[in-house]
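Below you'll find the structure, written out as C-alpha cells, and then a few comments.
Every chain is numbered from 1 and lettered A, B, ... according to where its sequence line falls, protein lines coming before strand lines. The shown structure was predicted, so the numbers you read here are calculated from the model rather than taken from an experiment.
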Protein chains: 2
Amino acid sequence: MSIAASGHRNHWMSDLDDIDRKLLALLQENGRTSYAELGKAVGLAVSSVNDRVRKLQDRGVIEGVYAALSAEALRLDLLAIIFVGWTDPATEAPFLARVADEPSILECHHVTGAWNYLLKVRTHTTRDLEAFLAAIVKGVPGVQRTETLIVLSSAKETFHLPLELPAWRNPRA
Amino acid sequence: MSIAASGHRNHWMSDLDDIDRKLLALLQENGRTSYAELGKAVGLAVSSVNDRVRKLQDRGVIEGVYAALSAEALRLDLLAIIFVGWTDPATEAPFLARVADEPSILECHHVTGAWNYLLKVRTHTTRDLEAFLAAIVKGVPGVQRTETLIVLSSAKETFHLPLELPAWRNPRA
DNA sequence: GAAATTCTCCGCAAAATTTCCGGAATCATG
DNA sequence: CATGATTCCGGAAATTTTGCGGAGAATTTC
C-alpha cells in the first residue's frame, strides 16, 4: 500500500494529502531537495513529484524559495521589538508607507492591546537603532509613543510552519 | 571596469564585496535563480558564480535555502505574540525544552523588560490558541504570567535581511 | 452500472542547470 | 619582481528539471 492510500484528502481549499504535507515538510527544510530525492522519500516517480510541486506552487501553498542569510555573518547584531503608538488615525497611512521601504524592518504587525503596531527590527549597533528610532519617530508625524525591547538571545527563529496537527489540539475543534 | 573593481573588500569576517552582496540580494528574492542569470546580473561567468555561492555557503553567510509556505493556504489564521514571565530561574530550562519541540512556536526571544520571553505563535483558531496556552502555561511548572497580543494584520513579514547601509545610519559609526 | 471525465502517476527524452577541472589572469606580499 | 593565493574563465561531464503521451484509478454523469 502506498503512502497515498493510507491517507485521505480533506475538502477544504488547500486540499493537501499526506504526500503533499511530506513534500512541504522536506522543502521547508531544504528548498533545493531534488525531485529524485523527494520521490524516494514519498514513493513517487520524479515526474509525479514535479507535478505535485508545481501544483503546490500554482495553488500558492508554496509562496517561493528563498536563501536565508545569517544575521550574525552580516553583523546584524541587534534585534529589537518596537511598539509604536499614536492617537490620530491619520498617522497610520504615512507610517505604513515608511515601514514598507525600510529594509531594517523585518516585520510589522497590527496588534491588539495598548499599542498600535509591533515592529521587528535588525540593526548593526545600538547607535544604528538610535538613529532608526529617530528616523521613524521623528520622521512620521503623529507617532507619539514607542517602547523598545532588546532581544538578548533567540532560542528559536524559524520560518517553518507547523504542518501536522498539534498534540494539544482541542479534539472537538 | 568590472563591478568588482568598483568596490573594495572589508577586512571583517564575512568579507563581502559588492558582487557578493548583489548575489545575496538576488538569492534572498529567489533562491532558485540560476547561476547563468546571477552571472548576467553581476557580470561573471557561470563557474565563477558557482565558486562565490559555494563560498558564501561554506562561510555560513547563506544558512540555507528554504521553501516558504503560505500560512493562509495552510489555514494558520491566527498569529499571536505571547509574553511569558516567571520568578524562579529554574523555570527557564524546561520552558526552553518545551519551546524547542513545539512546531507552533515560530520564534522565541529572550527579551529585556518586564517579561522573560516573547513567543511568536501560529495556530488555526482561537480554540487552538487556548489549548496551546493551557499546554504551555500549565505544562511548564514555574510559568506564572503570560500576556497575549493578537495580530490583526501583518503589514510586513519578510525574511530578507538588510544588505545595504541604511540612509539614516549614523555617519560616525 | 456503464460511459465519460478527471486526476494521478509513470517512463522517457530533451532542455536546462549544476558541478568540476585545468589553466590564465589578477592581486597581495615579501 | 618573484611568489603564492585568489579569482576568473571556458568547456565537458554529471545531475536535475521539464514537458510530453499514455496507462490506470477514481469520480462523475447519465
Side-chain angles (χ1 to χ4, degrees), chain A residues 1-69 73, chain B residues 1-69 73:
Chain A
M1 172 155 60
S2 72
I3 293 180
S6 69
H8 56 89
R9 290 180 173 277
N10 309 326
H11 62 286
W12 57 343
M13 166 190 140
S14 52
D15 194 27
L16 303 174
D17 64 13
D18 293 344
I19 292 184
D20 286 329
R21 270 186 287 271
K22 179 85 178 177
L23 293 175
L24 292 174
L26 292 168
L27 289 172
Q28 266 197 140
E29 280 198 38
N30 178 6
R32 277 186 172 161
T33 310
S34 71
Y35 292 150
E37 200 169 336
L38 291 174
K40 210 180 304 175
V42 300
L44 285 185
V46 169
S47 51
S48 305
V49 173
N50 188 354
D51 288 348
R52 291 217 176 215
V53 173
R54 187 205 312 285
K55 278 172 190 166
L56 288 170
Q57 287 169 331
D58 292 346
R59 281 191 282 172
V61 181
I62 297 176
E63 290 184 336
V65 178
Y66 306 108
L69 309 187
Chain B
M1 171 156 61
S2 72
I3 293 180
S6 69
H8 56 89
R9 290 180 174 277
N10 310 324
H11 63 286
W12 57 341
M13 165 189 142
S14 53
D15 195 27
L16 303 175
D17 63 13
D18 293 343
I19 291 184
D20 287 329
R21 270 187 287 272
K22 179 83 178 180
L23 293 175
L24 293 174
L26 291 168
L27 288 173
Q28 266 198 139
E29 280 197 39
N30 179 6
R32 278 186 171 161
T33 310
S34 71
Y35 293 150
E37 200 169 335
L38 291 174
K40 211 181 302 177
V42 301
L44 284 185
V46 169
S47 52
S48 305
V49 173
N50 187 353
D51 288 347
R52 291 220 177 213
V53 172
R54 184 204 315 282
K55 278 173 190 165
L56 288 169
Q57 286 170 331
D58 292 346
R59 281 190 283 172
V61 180
I62 297 176
E63 291 184 337
V65 178
Y66 305 111
L69 308 187

Rounded to whole Å, how long is the line connecting atom CD1 of I19(A) with atom P of dC7(C)?
17 Å
What pairs with S47(A) under side chain to side chain contact (heavy atoms under 4.5 Å, CB included), at least two apart in sequence or on another chain?
A45(A)
Phosphate-side-chain proximity, R54(A) and dT17(D), N/O vs OP1/OP2 below 4.0 Å
no
Rounding to 0.5 Å, atoms CG (L16(B)) and CG (L23(B)) come to a distance of 10.0 Å
Grab the CG-C1' distance between L38(B) and dC8(D) for me, whole Å please.
16 Å
Is any side-chain heavy atom of I19(B) closer than 4.5 Å to one of V49(B)?
no
From NZ of K40(A) across to P of dC9(C) the rounded distance in Å is 19 Å
Among dC9(D), dC8(D), dG11(C), which is the nearest nucleotide to the side chain of A45(A)?
dG11(C)
Please confirm whether the shortest side-chain N or O distance from K55(A) to OP1 or OP2 of dC7(C) is below 4.0 Å.
no
Please write out the pairs of protein N or O atoms and N or O atoms of nucleotides 11-15 of chain D separated by less than 3.5 Å, giving the distance to one decimal.
none

Using only side-chain N and O atoms of R32(B), determine if any of them is under 4.0 Å from OP1 or OP2 of dT17(C).
no
Using heavy atoms to find the nearest nucleotide of DNA chain D for D51(A) and E37(A) separately, return the residue whose nucleotide is more 5′.
E37(A)
Would you say K22(B) and L44(B) make side-chain contact, with heavy atoms under 4.5 Å?
no
Round to the nearest Å and state the distance from N50(A) atom CG to dC10(C) atom C1'.
13 Å
L44(B) side chain, from C-beta outward: closest of dC9(C), dT19(C), dC9(D):
dC9(D)
Does some side-chain heavy atom of D17(A) sit less than 4.5 Å from a side-chain heavy atom of D20(A)?
yes
Euclidean distance, atom OH of residue Y35(B) to atom P of dC9(D) [Å, nearest integer]:
16 Å
Does some side-chain heavy atom of K55(B) sit less than 4.5 Å from a side-chain heavy atom of D15(B)?
no
Name every donor-acceptor pair, under 3.5 Å, that has one atom in a side chain of residues 24-37 of chain B and the other anywhere in the protein, sequence neighbours excluded.
{"unit_1": "Q28(B)", "atom_1": "OE1", "unit_2": "L161(B)", "atom_2": "N", "d": "2.6"}
{"unit_1": "Q28(B)", "atom_1": "NE2", "unit_2": "L161(B)", "atom_2": "O", "d": "3.2"}
{"unit_1": "N30(B)", "atom_1": "OD1", "unit_2": "R32(B)", "atom_2": "N", "d": "2.9"}
{"unit_1": "R32(B)", "atom_1": "NH2", "unit_2": "G31(A)", "atom_2": "O", "d": "3.4"}
{"unit_1": "T33(B)", "atom_1": "OG1", "unit_2": "N30(B)", "atom_2": "O", "d": "2.7"}
{"unit_1": "S34(B)", "atom_1": "OG", "unit_2": "E37(B)", "atom_2": "N", "d": "3.2"}

Tell me: CG of D20(A) to P of dT8(C), nearest whole Å?
9 Å
Using atom CG of L23(A) as one end and atom C1' of dT17(D) as the other, report the distance to the nearest whole Å.
16 Å
Double-helix bend of the helix from dG1(C)-dC30(D) to dG30(C)-dC1(D), axes at both ends from 5 pairs, round to 10°, gives 40°
Filtered N/O pairs between nucleotides 22-26 of chain C and protein, under 3.5 Å:
none

For A73(A) against G60(B), the heavy-atom pair lying closest together:
CB-O, 4.2 Å
Between P of dA28(C) and CG of D15(B), the distance in whole Å
11 Å
ring-ring contact (aromatic ring centres under 6.0 Å, His included) partners of residues 44-69 of chain B, not counting sequence neighbours, each pair once
H160(A)-Y66(B)
